[in-house]
Amino acid sequence: MTGDLFDFLKVTEPGQDESRAERIQLDPGAFIFPGMALSRAPELLEAARHIVRQAPFRHLVTPGGHRMSVAMTSFGDYGWISDRSGYRYTHVRPDNGQPWPVMPDLFRSLVEEATRAAGFPHPPLQSGLLNLYRPGTRLSLHQDKDEEDAETPIVSVSLGVAATFLWGGLDRASPLRRFRLSHGDVVVWGGPSRMMFHGIAPLAVSSHPLTGECRLNLTFRQITRRS
DNA sequence: AAGTTACT
DNA sequence: GTAC
């Protein structure tokens, strides 16, 4: 009763309600699952650490000759790389010709859970990409179109410092919507949303107990038309 | 061209 | 914004 006097002081933060939702639909076939990976985050980070020990992060160069601010490495049967010749998937690491680290079972089960929750069948899961964001780094708006498979969903897992996810449409000029991606959030986009433009805004200077000033992102893809 | 872009 |  007495607290009612001060109700006008209450502040509703943007996105507060959304962050509590079980899932947020961005478009048909595109969802954010807030906190879906939260309880497994320490094990996911340990598995990521194990991958980086085998295949260290690198700053790839775009076909235009620019160094990407986000550092990357891959795992699974196919790894994504970029250089002056273009974007492509390879079975081996460009630095030493060795196979990419194996896809951990922990990742497979999380991806199966996420795709099921989004209403898609289990993907064969041929490729994993691990991205490291430091303060100020970004991933400009782009489409994932280096894969033969244009329908199987992409699964993205956010760990560490929160980032702003940019979500557009099928054309580069489509209006952008912005979503906060926090530690443990999972995004799935497939079917009609598979080719949507997306990106990550420059990472704010912030800190997370498990990752320091960094954000780690895991993404999973099907590469070939049939597995 | 997935750019801490480089211009007009 | 638009261009490479």
Side-chain angles (χ1 to χ4, degrees), chain A residues 26-27 30 32 48 51-52 55-76 78-95 100 125-181 185-190 193-207 211-224:
Chain A
L26 310 186
D27 271 310
I32 297 173
I51 285 166
V52 174
F57 284 118
R58 299 175 66 207
H59 288 275
L60 302 180
V61 172
T62 65
H66 295 104
R67 170 187 187 270
M68 294 179 74
S69 61
V70 172
M72 301 179 164
T73 190
S74 286
F75 52 92
Y78 291 84
W80 184 84
I81 62 163
S82 172
D83 59 22
R84 292 307 297 256
S85 313
Y87 307 140
R88 61 197 177 278
Y89 285 90
T90 66
H91 284 297
V92 296
R93 295 166 51 186
D95 55 332
W100 297 101
L125 197 52
Q126 294 175 315
S127 176
L129 185 59
L130 174 59
N131 290 346
L132 173 66
Y133 294 77
R134 310 194 117 102
T137 68
R138 70 180 72 174
L139 206 51
S140 301
L141 203 65
H142 68 280
Q143 293 172 300
D144 290 20
K145 56 180 182 185
D146 306 315
E147 305 79 17
E148 290 179 9
D149 187 303
E151 291 153 27
T152 303
I154 310 278
V155 176
S156 164
V157 181
S158 294
L159 297 166
V161 171
T164 299
F165 184 53
L166 309 173
W167 182 253
L170 294 176
D171 304 297
R172 187 174 280 278
S174 302
L176 293 181
R177 291 142 73 195
R178 289 155 187 272
F179 298 90
R180 195 78 174 148
L181 293 185
D185 290 352
V186 177
V187 189
V188 179
W189 65 99
S193 289
R194 173 63 179 72
M195 288 304 179
M196 293 296 227
F197 276 91
H198 58 280
I200 293 288
L203 195 73
V205 180
S206 177
S207 179
T211 63
E213 292 198 326
C214 298
R215 170 178 189 260
L216 284 156
N217 182 65
L218 293 159
T219 53
F220 301 94
R221 294 174 183 79
Q222 165 76 4
I223 310 304
T224 58

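Just so it is clear: chains get the letters A, B, ... in the order the sequence lines come, proteins before strands, and each one is counted from 1.
- In this structure, A:His59 atom NE2 and B:dA2 atom P are separated by 18 Å, rounded to whole Å.
- Salt bridge present: A:Glu147 and A:Arg194 bring a charged side-chain N and a carboxylate O closer than 4.0 Å.
- Ring pair A:Tyr78/A:His91 is tilted by interplanar angle, where 30° to 60° counts as tilted.
- Contact between the side-chain N/O atoms of A:Ser140 and the OP1/OP2 oxygens of B:dG3 is found at a separation under 4.0 Å.
- Using N1 to N3 plus N6-O4 or O6-N4 for Watson-Crick, or N1-O2 and O6-N3 for G-U wobble, each under 3.5 Å, B:dT8 pairs with nothing.
- Aromatic stacking of A:Trp80 on B:dA2: satisfied, with centres closer than 5.5 Å and planes within an angle under 30 degrees.
- Straight-line distance from the CD1 atom of A:Ile154 to the C1' atom of B:dA2: 13 Å, rounded to whole Å.
- Nucleic acid contact for A:Leu141: sugar-phosphate only, since backbone atoms but no base atoms lie under 4.0 Å from a heavy atom of the residue.
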Under the side-chain hydrogen bond (donor to acceptor under 3.5 Å, both in side chains) criterion, do A:Glu213 and A:Ser206 qualify, and how do the steps go?
-> CA-CA 6 Å; A:Glu213 292 198 326; A:Ser206 177; over 6 Å; no

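- The separation between A:Leu166 atom CG and B:dA2 atom C1' is 12 Å, rounded to whole Å.
- In this pair, A:Phe165 and A:His198 present their aromatic rings tilted. The plane angle is within the 30 to 60° band.
- When atom types are taken as modelled, the side chain of A:Arg88 and the backbone of A:Gly86 share a donor-acceptor pair closer than 3.5 angstrom.
- A:Arg84 has its CZ atom 11 Å from the C1' atom of C:dC4, to the nearest Å.
- One can place CZ of A:Phe165 at 15 Å from P of B:dA2, the figure rounded to the nearest angstrom.
- Rounded to a whole Å, the CZ atom of A:Arg67 is 12 Å from the P atom of B:dT5.
- Rounded to whole Å, the distance from NE2 on A:His66 to P on C:dC4 is 14 Å.
- Remark: ring of A:His142 stacked against base of B:dA2; centroid gap under 5.5 Å, plane tilt under 30°.
- In this structure B:dA2 sits in no base pair that meets the Watson-Crick or G-U test at under 3.5 Å.
- The side chain of A:Arg172 places an N or O atom within less than 4.0 Å of a non-bridging phosphate oxygen (OP1 or OP2) of B:dA2.
- The nearest heavy atom of DNA chain B to A:Arg138 and to A:Ser82 marks one nucleotide each, and the one closer to the 5' end goes with A:Ser82.
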